[in-house]
Protein chains: 2
Amino acid sequence: MAAGHLTLKDIAREAGVSVATLDRVLHGRAGVRDDTARRVRETIARHGFHPSSAAADLARRRTSRFAVVVPDGGNLFMQAIVAAVGDMSAWLNARRASAETIRADVFNPAALAETLESLAGRYDGVAVVALDHQSVRAAIDDLVAAGTHVVTLVSDVPGSRRHHYVGIDNVAAGRTAGSLIGRFACGRMGEVGVVAGSQSLRDHAERAFGFHQVTGLEYPNLSALAPVEGGDRDEANETLTARLLADHPDLIGLYNVGAGTPGVMKALADSGREGEVVVVAHDLTPVTRRGLLRGAIDAVIVQDPGHEARSAMRVLLSLARREPILAEQEKIRVEIVMRDNLP
Amino acid sequence: MAAGHLTLKDIAREAGVSVATLDRVLHGRAGVRDDTARRVRETIARHGFHPSSAAADLARRRTSRFAVVVPDGGNLFMQAIVAAVGDMSAWLNARRASAETIRADVFNPAALAETLESLAGRYDGVAVVALDHQSVRAAIDDLVAAGTHVVTLVSDVPGSRRHHYVGIDNVAAGRTAGSLIGRFACGRMGEVGVVAGSQSLRDHAERAFGFHQVTGLEYPNLSALAPVEGGDRDEANETLTARLLADHPDLIGLYNVGAGTPGVMKALADSGREGEVVVVAHDLTPVTRRGLLRGAIDAVIVQDPGHEARSAMRVLLSLARREPILAEQEKIRVEIVMRDNLP
DNA sequence: CTGTTAGCGCCTTCAT
DNA sequence: ATGAAGGCGCTAACAG
């Protein structure tokens, strides 16, 4: 490991070829005789040579335009994603890349698909908070076919040809919520309410599935109710939760699968049963944060929106530059946050 | 946000100066009249201009050598850090930088200090798993004074002049462990054993502190015992844990603060009380992973060694390049891992 | 105080 | 199938 890093020229000279040939080998381009290529590769390997990414980027003079498609009228979580993307503009700019966020009606498959279609050709990469639906899947496949790199963000579209999914394993998140409520219930007998945004959102459905899986199999003392859907809206969630509490006097747990936690907490507080009911919710917001601190919420399942936004941008950039992506680094974890490990 | 990114030349022309002057302003170097500088800065801001980092890196032709100082005979966690550093070599190499790992006797302040001293001048940056001790602190300060960038890794030395700490808030980690055991104990009355590596390791001491803080204040049903020290060794921990279990028939919880979890689990299994005692440990290893899966361990507090190693390298590189570091991105979280969110 | 200019290491035509 | 040579945008001498 000496000083003065080696350069293309050094390796070329040692391999007895020109830098052009070396470059061809380095990038697997055609036009090199097999044995020449072999000899060159051997020299590269022997020195553990890696071309300077700075020089490569400079010479390639490639610029990339990315789009981030998020729900319009998004909740705090989505706003955090948008903000994080904005915070990366300087970073992207220094790398001759840029990102724009685009609002779309994510609850409307046709509209979302149309928005995606309209992006073809105008962007080198697209990150999209997607709805898992036929037409959306088709739109994603079309984009990919047109040469655009696509990553799904937060909510995946597994059947599609998207290059990468940036987000958590939502079934695992739901299972985690189930275990948490199961443990915190301490063997008490009772029912557990599940409030979701919409079961047609893949992430919500998967969370609810994981949740029921664990409570059903491992906590016979608990009976998890079928999810009610409030569209992630505070008022709807408040009404639904109030009804849940009224209808089930022995409700001992609440799992809020999506956004709209303020509504759930409001109804719980109004019922006077705050503290008696074990509550698990998703995502850190001022409301969930306060809920944790005063003991009204027992745990929050978190996926860091900043991590996700940055990961999406890094992945799109790597795809554009044809660099390998570090899987380990890009994996988004299901985090459990309690009062004591609040970030 | 049009296409063809702007360049130094463009901005210089528009501001009516040469690229040299622009460069001076851009890097806050002296030799520019105030009003010229102001005018130039205005032009830069108006265009949201960011110089191409690729071109800058290339022109600067700077190479950096980093050292990562880790405990010799390290445990699995330390091995993971070393492995992660190794995995970054290609990445670093492409950026004209390199990292070597150096073993040191971390439990011996004098030896560690001496190792650190010996690094002065030979490296541009040092990441060190430090022992919080006078002589180590002095060695760090000397390194910094000599112009070497220093980041502490995993265990901090707060009084020192290190540029950055890469690691978790260990008091918070201890509190989290306390809350977890408190909740999982479900109000049962009893004692909780605390096994540490050494109270003279700052991270262990802080975790134990946070743990006692929470159990003492919020779980009157629990009485946390004073920490016993097994030096992170399996055999010692096994002996200590066996004694703990024998001496305290009403022990209902165990918190293993450091490494050596295999010893603790062995003793617990042998006592036949596995499953009755709530167990919280640190770090994911094959043993803690298996413990979680079969229910012998209730939760594991995790700091991702891969994240930490990468963060340390990124921070050292940013320091060397005089780039700002993204605090939000470099913050290491206290993660709670249960069976269901095992990564 | 300000401007000119020669590279940095690689990629990419264009010749051969 | 291979080589030669001109940039890419920025930095750092060196002039003025």
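Quick note: numbers below take in every heavy atom, side chains included, and nothing from hydrogens, waters or symmetry partners. Just so we're on the same page: letters track the sequence lines, and every chain starts at 1.
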Checklist line | Spacing between A:L22 atom CG and D:dA1 atom C1', to the nearest angstrom | finding: 15 Å
Notebook entry, point to check: Are the side chains of A:L92 and A:S98 in touch, meaning some heavy atoms are under 4.5 Å apart?
Noted result: no
Margin query: Considering every strand and a 4.0 Å limit on heavy-atom distances, what is the contact class for B:V17: base, sugar-phosphate, or nothing?
Written below: sugar-phosphate
Next item on the list: Output all residues satisfying ring pair (Phe, Tyr, Trp, His ring centres under 6.0 Å) with A:H149, sequence neighbours left out; order by chain, then residue number.
Entry: A:H163
Check: Hey, does the side chain of A:S18 come within less than 4.0 Å of D:dA4's phosphate (OP1/OP2), counting only N and O?
Finding: no
Notebook entry, point to check: Rounded to the Å, how far apart are A:D57 CG and D:dG9 P?
Noted result: 13 Å
Next item on the list: For DNA chain D, find the residues of residues 40-52 of chain A with a heavy-atom distance under 4.0 Å and give them by number; none if there aren't any.
Entry: none
Check: How do A:K9 and B:V19 order along DNA chain C: which one's closest nucleotide is nearer the 5' end?
Finding: B:V19
Next item on the list: Mind calculating the distance between CZ (A:R13) and P (D:dG3) to the nearest angstrom?
Entry: 14 Å
Margin query: Output the rounded distance in Å from CZ (A:R60) to C1' (D:dG6).
Written below: 18 Å
Next item on the list: On DNA chain C, reading 5' to 3', which nucleotide is the first and which the last to sit with an atom under 4.0 Å from a heavy atom of chain B, could you check?
Entry: C:dC1 to C:dG9
Margin query: Less than 3.5 Å apart, any donor N or O on the side chain of B:S64 or B:R321 sitting next to an acceptor on the other?
Written below: yes
Scan the side chains in residues 112-119 of chain A for donor-acceptor partners under 3.5 Å anywhere in the protein, sequence neighbours excluded, and list what turns up.
unit_1: A:T115; atom_1: OG1; unit_2: A:A111; atom_2: O; d: 3.0
unit_1: A:S118; atom_1: OG; unit_2: A:T115; atom_2: O; d: 2.6

Item checked: A:W91 to A:R314 - nearest heavy-atom pair and separation -> CH2-CG, 4.1 Å
Check: Do you see a donor-acceptor pair shorter than 3.5 Å between the side chains of B:E14 and B:T43?
Finding: no
Check: Would B:T152 and B:D156 count as having a side-chain donor-acceptor pair, cut-off 3.5 Å?
Finding: yes
Notebook entry, point to check: Can we say A:R96 and A:D57 salt-bridge, meaning some charged N sits less than 4.0 Å from an Asp/Glu carboxylate O?
Noted result: no
Item checked: Positions of residues 23-39 of chain A (non-hydrogen atom under 4.0 Å from DNA chain D), listed by number -> A:R24, A:G31, A:V32, A:R33, A:T36
Check: Any salt bridge between B:R333 and A:D304, counting N to O under 4.0 Å?
Finding: yes
Donor-acceptor pairs under 3.5 angstrom involving side-chain atoms of residues 15-23 of chain A: please list them, not counting sequence neighbours.
unit_1: A:S18; atom_1: OG; unit_2: A:A20; atom_2: N; d: 3.3
unit_1: A:S18; atom_1: OG; unit_2: A:T21; atom_2: N; d: 3.4
unit_1: A:D23; atom_1: OD2; unit_2: A:R29; atom_2: NH1; d: 3.2
unit_1: A:D23; atom_1: OD2; unit_2: A:R29; atom_2: NH2; d: 2.9

Next item on the list: Rounded to the nearest angstrom, tell me the gap between atom CZ in A:R61 and atom P in D:dG7.
Entry: 9 Å
Next item on the list: Tell me what A:A20 touches on the nucleic acid: a base, only sugar-phosphate, or nothing, going by heavy atoms under 4.0 Å.
Entry: base
Check: To the nearest Å, how far apart are B:H5 NE2 and D:dC10 C1'?
Finding: 16 Å
Check: Atom CZ of A:R96 to atom C1' of D:dC10: distance rounded to whole Å?
Finding: 10 Å
Check: Is a salt bridge present between B:E42 and B:R38, judged by a nitrogen-to-oxygen distance below 4.0 Å?
Finding: no
